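Computed from a predicted model, the values in this text were never measured in an experiment.
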Amino acid sequence: MIEALKHLNLRARREWLKAAGAASLLAMSGRLGAIPLWKDAKFSDNPFTLGVASGDPSPDGFVIWSKLAPKPLERGQGMPRRALEVDWLVASDERMLEVVQRGKVIAHPELGHSLHVELKGLRPAANYYYQFIAAGAASPIGRARTLPQADSALSQLRFGVAGCQRYEDGYFTAWKHLAAEDFDFVFHYGDYIYEYGPMRGSKTRPVNRTMPGAPDETYTLDDYRNRYAIYKLDPDLQAAHHATPFVMSFDDHEVDNNWAGDTSEEGVPSEIFLLRRAAAFHAWYEHMPVRRAQMPRGPHIQMFRRFTAGDLMTVHVLDTRQYRSPIACGDGVKANCAEAADPRRSLLGGMQEKWLHDGFKGHRARWTVLAQQIPIMRGDRNPDPAILGLSMDKWDGYSATRDRMFGAAEKSNLKNLVSVCGDVHFNCASNLKKDFADEKSATLGVEFTSTSITSLGDGFDINARFKSLMQQDPHIKFYNGQRGYTGHTVTRERWQADFKVLDRVSSRDGKLSTRRRFVLE
């Protein structure tokens, strides 16, 4: 189940509840006062070009999403500036004959005519199917699955982890294969879109496909809406969303490369960057199957949250972007950066750190999962054994936050801690050591880093640099630079991680294989 944020000061809590109330009103199916609805609406084109999606599952429901966009790449996406009432259906069968719930939702122009319906009252651990109907036009049918009841005995759960899907770097073939996995849910760790302008390519990194219209870098709400539409028109990405619920997160490229708190990579004034961040968060919410609690308030959004799957697994979804201190030592890979270890700095922010550490206490689930964006493990990026080069954008750049989290995990006696993440465009399996400089120190958990869907193109299996880095960091047990996703099968006695890779993403016919399998007992 989803746990609401508890540790807000009184004033912040009032503001949060006020915003959540406003969001709730916006998404209600009933009419609010004198909302001018679009009567006798007719569409000359399919309004459901961006597909459907489900997300944030709970034991009695999930979110179902779509967005009316008959002309998705035009400004306004072919919709008038009027609200429209849309019907939705949920059934227990794929043919939508056994309808168990139905209702109406208003598509508001203020939210780009996006649809977010939070379902309740469904059976736990069950498959359901859903569909929207607008002015007689029917959406595709999506499949979703509720989570098991909290604390109920659960024998197995399967989920996928994926992200980093730069459009120009390749085809989304991995999503097509993931759609066939029959996962209970998928964790998307971020970089759903890339904000960059047109990519010109090189001999080492060709442009495998060109974005329609060759749009420039994203800054405004219309820019971000257009970029999401380009990505969401992809049939393989739509297939994955139609097949299983997603637990959505975001990393940097949904806003701007390597942004940190209220600072941007370009160094623009914070008050200017926050305008861009507000536009980016607004567009992110419009296009994601998330709850009203995730509706942004200007440049702020409540993204970290918690899920529980029976007695098997507690999942802490973290936000490693919005609350972090500025990146240390000017970003990049640095050696001997004292600022990175400053205990006054935080990757998560004080409120989120407390929420996470408190969540470790009194844990009852068999496995504790950190679902987040960037590697926690120490990763030496310099192949020279005499130089320890650490990425300032990862947990290595905020080592005091990592130390505090490890301390809280030890204090709470967590025995089965697993981190799943991405961002770095390679597969990796690593032990999480209390002291990464001492291989004999206690192992506090395990981390599985998933490669990208397409980012950096076809990639490679392993090279001399990866082999050298594994020798320097013996806690790292596996490196692979191909594209794909990770599938996780979790039981009470073991955790199995399958690294699924494609031989290429430069064409649509890439072949999928399991490159390596790891098992935790």
Side-chain angles (χ1 to χ4, degrees), residues 161 164 189 204-205 328-329 331-338 340-341 347 370 372-403 405-406 417-452 455-486 488 495-503 513-521:
V161 177
C164 289
Y189 58 75
T204 58
R205 191 179 179 190
C329 295
D331 204 352
V333 174
K334 296 294 190 315
N336 304 315
C337 175
L347 179 68
L370 302 178
Q372 44 97 43
Q373 296 73 40
I374 53 178
I376 297 171
M377 66 168 191
R378 190 189 77 176
D380 187 351
R381 301 299 186 91
N382 194 316
D384 185 342
I387 301 175
L388 177 61
L390 302 177
S391 173
M392 296 296 98
D393 184 56
K394 312 302 182 262
W395 284 73
D396 279 334
Y398 301 83
S399 58
T401 300
R402 182 169 61 198
D403 291 343
M405 183 186 71
F406 283 171
L417 178 66
V418 178
S419 165
V420 293
C421 64
D423 177 69
V424 289
H425 308 160
F426 54 74
N427 286 310
C428 186
S430 170
N431 288 324
L432 297 177
K433 309 295 289 187
K434 182 175 182 179
D435 180 2
F436 286 100
D438 180 6
E439 181 61 16
K440 295 180 180 179
S441 71
T443 297
L444 303 181
V446 169
E447 182 164 73
F448 297 113
T449 303
S450 293
T451 187
S452 63
S455 300
L456 293 186
D458 285 336
F460 54 88
D461 185 3
I462 190 167
N463 60 10
R465 179 174 176 270
F466 276 171
K467 292 177 181 178
S468 174
L469 296 182
M470 287 179 69
Q471 291 179 342
Q472 294 167 207
D473 277 331
H475 54 273
I476 297 175
K477 307 302 180 184
F478 173 62
Y479 264 128
N480 168 267
Q482 293 171 283
R483 310 281 75 88
Y485 60 93
T486 308
H488 299 273
W495 181 300
Q496 177 179 305
D498 293 323
F499 288 95
K500 304 291 186 77
V501 301
L502 290 160
D503 62 345
S513 63
T514 300
R515 174 61 183 82
R516 183 67 65 86
R517 172 173 293 165
F518 284 86
V519 173
L520 311 180
E521 294 182 347

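Residue Asn336 places its CG atom among 12 or fewer non-hydrogen atoms of other residues, nucleotides or ligands, all under 6.0 Å distant. Counting non-hydrogen atoms of other residues, nucleotides and ligands closer than 6.0 Å to NZ of Lys477 gives a total above 12.
In this structure, Phe448 and Phe518 have tilted ring planes: the angle between them lies in the 30° to 60° band.
Distance CG/Asp473 to CD/Glu439: 9.0 Å, rounded to 0.5 Å. Distance CZ/Arg381 to CD/Gln472: 12.5 Å, rounded to 0.5 Å. Here Phe466 contributes atom CZ and Phe426 contributes atom CZ; the two are 5.5 Å apart, rounded to the nearest 0.5 Å. Remark: Phe499 CZ to Asn480 CG distance equals 8.5 Å, nearest 0.5 Å.
Using modelled atom types and a 3.5 Å distance limit, the side chains of Gln482 and Thr451 yield no donor-acceptor pair. Counted by atom type alone, Trp395 and Glu447 present zero donor-acceptor pairs between their side chains at under 3.5 Å.
Of the candidates Asn427, Thr486, Asp423, Thr486 is the only one forming a side-chain hydrogen bond (donor to acceptor under 3.5 Å, both in side chains) with Ser450.
Taking 4.0 Å as the cut-off between side-chain N and carboxylate O, Arg378 and Asp396 do not count as a salt-bridged pair.
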**Study point:** Steps toward side-chain contact (heavy atoms from CB on, under 4.5 Å) verdict (Phe406, Ile376)
**Key:** CA-CA 10 Å; Phe406 283 171; Ile376 297 171; 4.0 Å; yes
Practice item. Starting from the C-alpha separation in whole Å, work towards a yes-or-no answer on side-chain contact (heavy atoms from CB on, under 4.5 Å) for Met392 and Leu390. Key: CA-CA 6 Å; Met392 296 296 98; Leu390 302 177; 3.9 Å; yes
Exercise for review: List the steps and the verdict of side-chain contact (heavy atoms from CB on, under 4.5 Å) for Arg515 and Asp461.
Suggested key: CA-CA 9 Å; Arg515 174 61 183 82; Asp461 185 3; 2.9 Å; yes
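Looking at Ser455, its side chain does come within 3.5 Å of a backbone N or O of Cys164 through a donor-acceptor pair.
Using a 4.5 Å heavy-atom cutoff, the side chains of Val446 and Leu417 are not in contact.
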